[in-house]
Amino acid sequence: MGFSLKLKTKSGQQHIVSKLRDTTTVKDLKIIITELTNIPGDALHVVLGFPPFKPLDFSNEANHLPVVGISNGDTLIVEEKSLTAEERQQLEAKRLEQDEKLAQELAAQSTDHGGILLKKVVPADNSCLFTSIGFVLTGKVDPENSQYMRQIIAATVNSDKQEYNEGILGRPNDEYCAWILQPESWGGAIEVSILSAYHGIEFDVVDITNAIINRFGEDKNYGMRAFLLFDGIHYDPLYLESTSGEPLKTIFPIEDNSVYLQAEQLAKEAKSSRQYTDVNKFTLKCIDCDCFLKGQTEAQQHAQKTGHINFGEV
């Protein structure tokens, strides 16, 4: 289940970090905090913001957030350690060494695997998530699959109203089922999770807005995984382009970590070159009244004021 955190810095800045999961790791959170505050990861000092103050343990970055005592709604206070010039030089040398090691690993794995991970651009028609999932399952871009997937989701949600309640869906169960069947309605984390369970495949969403990978179905021990690229508003599928003329691949064994590492590197490179959509600046159009809105906040305010919930990309 997803949850959110609030970050506060000594300078008075505040950030809301959402779309976290019980499976989000300390390493993932560390990357997010570094991106938001521009404090180097090795210089971070973070404490839980309610007495008794508890320093966040970064020593085991593989730990999931609940393991280190972080829960939904917590406030984290972020500070930068005071480092000497020598310590900063050591940290910089360490980062350069890690970057070089990662580059060598990726080069070796690309050679072993005989391919490179690329994205397949699909139409930005409000059904991009479903078209992308259809592509990784069939190898074809077929927008007609979208309605079938919407029906799967609606049937799943309708069949378990206790699990899919208003708190989870953000609206009553029946209202959600009618909404998701509309071609203008976007898919997101709930829909990815349902389709992962339906097809028995782990879907790994490479989120380039914060350079992390959200794994849907990770706790189900599925044998195979597929990758989707998310830029803050639009989904595209990822595939492996062979260097030896073999057919493209879209589904990979879980134990094959080489493609996952390529996906991580792709996320970092795309974020550093700002190949993502700032959800506070993109333009939407209300399908119900043809009103143009700027950013996620205006869309939410418009929905609360008018009851309109159907928006399209512009």
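Quick note: residue numbers are just sequence positions, from 1. These figures come from a predicted structure and were not determined experimentally.
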> Given the rule in the side-chain contact (heavy atoms from CB on, under 4.5 Å) test, do Asn158 and Tyr176 qualify, once you have shown the distances and angles that lead to the verdict?
Replying inline: CA-CA 9 Å; Asn158 185 60; Tyr176 169 88; over 6 Å; no
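- For Lys220, the NZ atom counts as loosely surrounded, since its 6.0 Å shell holds 12 or fewer non-hydrogen atoms of other residues, nucleotides or ligands.
- To the nearest 0.5 Å, atoms CG (Asp142) and NZ (Lys140) are separated by 8.0 Å.
- Within the 3.5 Å criterion, the main-chain N or O of Gly188 finds a donor-acceptor partner in the side chain of Glu191.
- For the pair Val192/Val205, a side-chain contact is recorded, criterion being any heavy-atom separation below 4.5 Å from C-beta on.
- Put simply, the side chain of Asn126 does not reach to within 4.5 Å of the side chain of Ser185, judged on heavy atoms.
- The closest side-chain heavy-atom distance from Asn145 to Thr131 is not below 4.5 Å.
- In this structure, OH on Tyr239 lies 11.5 Å from OG1 on Thr250, to the nearest 0.5 angstrom.
- Panel note: side chain Asn257, backbone Tyr260; no donor-acceptor pair is recorded below 3.5 Å.
- Transitive grouping of hydrophobic side chains (ILVMFWY, heavy atoms separated by less than 4.5 Å) brings Tyr148 and Val157 into a common cluster.
- Side-chain heavy atoms closer than 4.5 Å link hydrophobic residues (I, L, V, M, F, W, Y) into clusters, and following such links, even through other members, never connects Leu76 to Val67.
- Counting heavy-atom neighbours within 6.0 Å of Lys27 NZ, excluding the residue itself, gives a total of 12 or less.
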>> Determine whether Gln151 and Leu181 satisfy the following criterion, side-chain contact (heavy atoms from CB on, under 4.5 Å), listing intermediate values before the conclusion.
In response: CA-CA 7 Å; Gln151 291 170 355; Leu181 290 173; 4.0 Å; yes
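- Between Ile180 and Trp186, the shortest heavy-atom distance links the atoms CD1-O, 4.1 Å.
- Put simply, the side chain of Asp256 never gets that close to the backbone of Pro253: no donor and acceptor are under 3.5 Å apart.
- Put simply, the side chain of Ser193 never gets that close to the backbone of Ala189: no donor and acceptor are under 3.5 Å apart.
- Using a cutoff of 4.0 Å between basic side-chain nitrogens and carboxylate oxygens, Arg215 and Glu202 are scored as salt-bridged.
- With salt bridges taken as basic N to acidic carboxylate O contacts below 4.0 Å, none links Glu166 and Arg171.
- A chain of hydrophobic side-chain contacts below 4.5 Å, direct or via other Ile, Leu, Val, Met, Phe, Trp or Tyr residues, connects Ile153 to Val136.
- The line from CG of Asp236 to CZ of Phe227 is 15.5 Å long, rounded to the nearest 0.5 Å.
- Minimum interatomic distance between Leu266 and Leu238 (heavy atoms only, all atoms of both residues): CD1-CD2, 4.2 Å.
- Residues Asp74 and Lys6 have side chains not in contact (no heavy-atom distance under 4.5 Å, counting atoms from C-beta outward).
- Gln262 and Leu240 get closest at one heavy-atom pair: NE2-CD1, 4.1 Å.
- Ser196 contributes a side-chain N or O that, together with a main-chain N or O of Ile201, makes up a donor-acceptor pair within less than 3.5 Å.
- The structure places CG of Leu5 at 7.0 Å from CG of Leu65, a figure rounded to the nearest 0.5 Å.
- The minimum heavy-atom distance between Leu48 and Gly69, with the atom names listed, is CD1-O, 3.7 Å.
- Ser127 and Arg150 are linked by a side-chain donor-acceptor pair at a separation below 3.5 angstrom, with hydrogens and angles left out of the test.
- Remark: Arg225 fails to qualify as a cation-pi partner of Phe216 under the 6.0 Å distance and 45° angle criteria applied to the six-membered ring.
- Note: the hydrophobic cluster containing Ile213 does not contain Ile31 (ILVMFWY, side chain heavy atoms under 4.5 Å, direct or indirect links).
- Note that the CG atom of Asp207 and the OH atom of Tyr235 stand 8.0 Å from one another [nearest 0.5 Å].
- Of all heavy-atom pairs between Leu195 and Met149, the closest is CD1-SD, 4.0 Å.
- Taking 4.5 Å as the limit, every side-chain heavy atom of Pro237 sits out of range of all side-chain heavy atoms of Lys119.
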> Would Val26 and Val68 count as a side-chain contact (heavy atoms from CB on, under 4.5 Å) if you check the C-alpha gap in whole Å, the side-chain angles of each, and the deciding distance to 0.1 Å?
Replying inline: CA-CA 8 Å; Val26 170; Val68 295; 3.9 Å; yes
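- In the hydrophobic cluster analysis, where Ile, Leu, Val, Met, Phe, Trp and Tyr join through side-chain heavy atoms closer than 4.5 angstrom, Ile116 is grouped apart from Val121.
- Contact detail for Ala263 and Val206: the closest heavy-atom pair is O-CG1, 3.7 Å.
- To the nearest 0.5 Å, atom CD1 of residue Ile212 and atom CG of residue Leu20 are 7.0 Å apart.
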>> Walk me through whether Thr75 and Lys8 qualify under side-chain contact (heavy atoms from CB on, under 4.5 Å).
In response: CA-CA 7 Å; Thr75 297; Lys8 290 184 177 181; 4.1 Å; yes
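- Aromatic ring pairs are classed by plane angle as parallel below 30°, tilted from 30° to 60° and perpendicular above 60°; the pair His199 and Phe203 is perpendicular.
- In this structure, the side chains of Lys161 and Asp174 come closer than 4.5 Å at one or more pairs of heavy atoms.
- Between Leu56 and Leu29 there is a side-chain heavy-atom pair separated by less than 4.5 Å.
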